[in-house]
Amino acid sequence: MTVRVRIAPSPTGYLHVGTARAALFNWLYARHKGGVFIVRIDDTDRERSTPQFEADILDSLRWLGLDWDEGVEVGGPHGSYRQSDRYERYREVAGQLVTEGAAYYDNRSPEELEELRARAQSEGKHPGHYIRRADRAAETGAIRLSIPQDAPVAFDDLVRGAVSFEPRDIDDFVILRSDGTPTYHLASTVDDVDYEITHVARGEDLLPSTPKHILLARAMGATEATYAHLPLLFGTDGKKLSKRFAAVSLSVYRDEGYLADAVFNYLSLLGWSLDAETTIFSRAEAVAAFDLGEVSSNPAVFDPEKLAWMNGEYIRALSPDRFLELVRPHVESAVGRSLDSAEWIRFESIAGLVQERTRFLPEAGEQVVFLFADFDEYDETSWGKVMTGEGVAGIITEARSRLETVDDWRAEVIEPVLRGMVEEMGIGAAKGLQPLRVAVTGSSVSPPLFESMAALGKEKTLERLERALGRLPSP
RNA sequence: GGUCCCGUCGUCCAGAGGCCCAGGACGCCGGCCUUUCAAGCCGGAAACGCCGGUUCGAAUCCGGUCGGGACUGCCA
């Protein structure tokens, strides 16, 4: 039987990191098994669902490289991957279950139900002990599934192993609301059955709902899917990954210039590993090795630091051309305008040096604004640390006059000139060159100095030295 | 409260009875390199929650305990 898995996001928000990770594992499993990966839109919450969120989710999945299979023939009628298109089907199933006696209409009031829950609570019992078919029959109201009390609901979870629930601890849950709309349990299970989903890999938060889904599937006369409940993701504060923590929506990472491959790699490491040693690996390697049964059952903490490191690894691994292509918008955004090709060449000459020291694409832009924008303000800390020392003005003056004589303005030529200078002046390279760095780039942290000067051009370089000199007390 | 899940370095993972006085990665600390910052290289600190049991032998199996989490809606 070919493997069919699905991811069922609700378009009530951006694609959450946790959902993305679940999608990733489903995708890996489908590709590993040569199966089918379906994206289903769980938009039964009409109030909160929006087309914008749906678009964001799909875009993010595409960006991550999780291509899904479309046009897959589905088993049931009303074939659609959108739950709001299938209300009739859900009603049909609920009605059928009532006819067969597996479900029943319940017209008890919220107050009555609340009372039953309170009673269970006070007696230390599960609400399932009391939320059962009422004596009086009804033809209206919500429809509840009648839980068979004959045997425990046991299943083999690919991640958790053997899991079992007592029927007493499962209440007769609502499958169709009194307004005729399906609950999540009904819609999700009917879809899984109709689409012939073979494996359901989802967050561990749904583990307690699983017996309900199994019972529902069985009531429909179907065989339930194999389940795999993935460990939940937490923030570095140990709490559930929430909006307060870093970025929880995947589109943020895309917009901030993270590489999809890096995010993919990092996410796949949350609850899984390729082997004991390998940290960096490709999609293909992951696909070849992945198995749901090898997913860890421990919750995982999402660590932005490690993602950042990994992003740096992937940026350094980029081909020079690809780096140039990806970084351009970020450089232009840092400079505040678009750059013409003559200017862009200046950047290209030091791109390799920038690439090495970039963890995020926007960082690269910040590193090189000095190439394109004259500045009046120097980095305050840098200035205080470097430019207030003894003999700074003398050093800059000397450098300026020596550099004026350089005609062949290349890093390889500039370097010996300045090195010769610090040597003749009897000062260390650090002491002699840092003032020049601050004068030319505005900061004591920058790409390598000689190459930066070369990229800037002779005229600009001398101008900047001059300008810095103007801000210094005369020697 | 109840049901269920989880418990190896700060964090992510490896470990499925002897290969483990526990391995890899991020982070951290120290060093080398070095014009700054990175990168790179070398080295270091850092964990089997606790108590019993099974066994010649336990991180690995069992029980208990403690701790954490999820769920407990006519939300998903």
Side-chain angles (χ1 to χ4, degrees), chain A residues 8-10 12 42-45 47-48 106 110 113-114 117 120-129 141-144 157 159-161 163-166 168-171 173-179 181-185 187-188 203-211 229 231-232 234 236 238-240 266 269-280 296-310 312-313 316 353-359 363 367 382 385-386 415 418-419 422 428-438 441 443-450 452:
Chain A
S10 291
T12 55
D42 276 18
D43 57 350
T44 49
D45 187 338
E47 296 284 300
R48 296 189 300 145
D106 178 15
L113 264 359
E114 188 40 51
R117 286 204 178 81
Q121 165 100 252
S122 74
E123 291 177 15
K125 289 178 176 172
H126 191 100
H129 285 251
I143 296 180
R144 289 179 186 272
D157 190 287
V159 173
R160 314 275 143 193
V163 182
S164 173
F165 292 82
E166 291 301 321
R168 286 250 158 234
D169 295 329
I170 306 167
D171 54 329
F173 60 102
V174 172
I175 58 176
L176 199 75
R177 302 187 189 99
S178 40
D179 67 359
T181 62
T183 62
Y184 160 76
H185 300 301
S188 178
E204 194 200 336
D205 50 340
L206 288 168
L207 190 53
S209 296
T210 303
H229 286 92
L232 259 20
F234 293 90
T236 30
K239 302 226 177 78
K240 199 174 153 186
Y266 178 69
L269 246 19
L270 259 22
W272 182 72
S273 68
L274 187 79
D275 57 38
E277 319 282 280
T278 316
T279 304
I280 305 280
S296 158
S297 49
N298 308 345
V301 173
F302 183 92
D303 180 9
E305 275 293 321
K306 190 164 184 176
L307 207 210
W309 163 80
M310 189 166 281
E313 290 287 309
R316 284 188 288 283
L353 297 171
V354 174
Q355 184 176 0
E356 281 174 41
R357 52 210 87 208
T358 297
R359 269 151 63 106
E363 246 175 31
Q367 285 181 59
S382 301
K385 208 166 50 187
V386 177
E415 174 159 6
L418 292 176
R419 285 201 187 282
V422 295
K431 192 170 189 311
L433 299 178
Q434 278 302 81
L436 305 181
R437 184 189 305 281
V438 174
T441 71
S443 166
S444 61
V445 175
S446 81
L449 182 60
F450 311 124
S452 293

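Labels below follow one simple rule: chain letters A, B, ... track the order of the sequence lines, proteins then strands, and each chain is numbered from 1.
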Nucleotide forming a Watson-Crick or wobble pair with [N], both distances under 3.5 Å:
N      : value
B:rA45 : none
B:rU60 : none
B:rC71 : B:rG2
B:rU54 : none
B:rC66 : B:rG7
B:rC37 : none
B:rG23 : B:rC13

Nearest-Å distance once atom [atom1] is located in both [N] and [M]:
N      : M      : atom1 : result
B:rG40 : B:rC50 : C1'   : 43 Å
B:rC32 : B:rG68 : C1'   : 43 Å
B:rC42 : B:rA25 : P     : 10 Å
B:rG1  : B:rA39 : P     : 48 Å
B:rA76 : B:rC71 : P     : 14 Å
B:rA16 : B:rU34 : P     : 45 Å
B:rC33 : B:rG18 : P     : 45 Å
B:rC61 : B:rG17 : C1'   : 8 Å

(request) For A:F165 and A:P208, work out which heavy atoms get closest and say how close. (result) CZ-CA, 4.1 Å
Out of curiosity, [X] [atom1] to [Y] [atom2], how far, rounded to the nearest 0.5 Å?
X      : Y      : atom1 : atom2 : answer
A:Q434 : A:S443 : CD    : OG    : 9.0 Å
A:S452 : A:L436 : OG    : CG    : 12.0 Å
A:R359 : A:E305 : CZ    : CD    : 5.5 Å
A:L232 : A:L270 : CG    : CG    : 11.5 Å

Sugar-phosphate, base or nothing in reach of [X], heavy atoms under 4.0 Å:
X      : value
A:S297 : sugar-phosphate
A:P110 : nothing
A:H229 : nothing

(request) Determine, for nucleotides 12-31 of chain B in 5'-to-3' order, which nucleotides have protein heavy atoms under 4.0 Å from the base (write B), from only the sugar-phosphate (write S), or from neither (write -). (result) BSS--------BSBSS----
Atom pair distance, as rounded to whole Å: [atom1] in [X] and [atom2] in [N]:
X      : N      : atom1 : atom2 : value
A:F165 : B:rA70 : CZ    : P     : 16 Å
A:Q434 : B:rU36 : CD    : P     : 7 Å
A:F234 : B:rC5  : CZ    : C1'   : 11 Å
A:L207 : B:rA76 : CG    : C1'   : 16 Å
A:D179 : B:rC74 : CG    : P     : 13 Å

Respond yes when some side-chain nitrogen or oxygen of [X] is under 4.0 Å from OP1 or OP2 of [N], and no when none is.
X      : N      : answer
A:R144 : B:rC74 : yes
A:T358 : B:rA38 : no
A:R419 : B:rU34 : no
A:R160 : B:rC4  : no

If we only count heavy atoms from C-beta on, is the [X] to [Y] side-chain gap below 4.5 Å?
X      : Y      : answer
A:T210 : A:D157 : no
A:V159 : A:S297 : yes
A:V438 : A:K385 : no

(message) From the set B:rA70, B:rC37, B:rG2, return the single nucleotide nearest to any side-chain atom of A:V445.
(response) B:rC37
(request) Measure from the side-chain heavy atoms of A:R316 and tell me the nearest of B:rG1, B:rA39, B:rA76. (result) B:rA39
(request) Kindly write out the residues that satisfy ring-ring contact (aromatic ring centres under 6.0 Å, His included) with A:Y184, not counting sequence neighbours, or none if the list is empty. (result) A:H213
(request) Select from A:G161 and A:R48 the residue whose nearest nucleotide in RNA chain B is closer to the 5' end of that strand. (result) A:G161
(message) Both A:D43 and A:D205 contact RNA chain B. Which one's nearest nucleotide lies toward the 5' end?
(response) A:D205
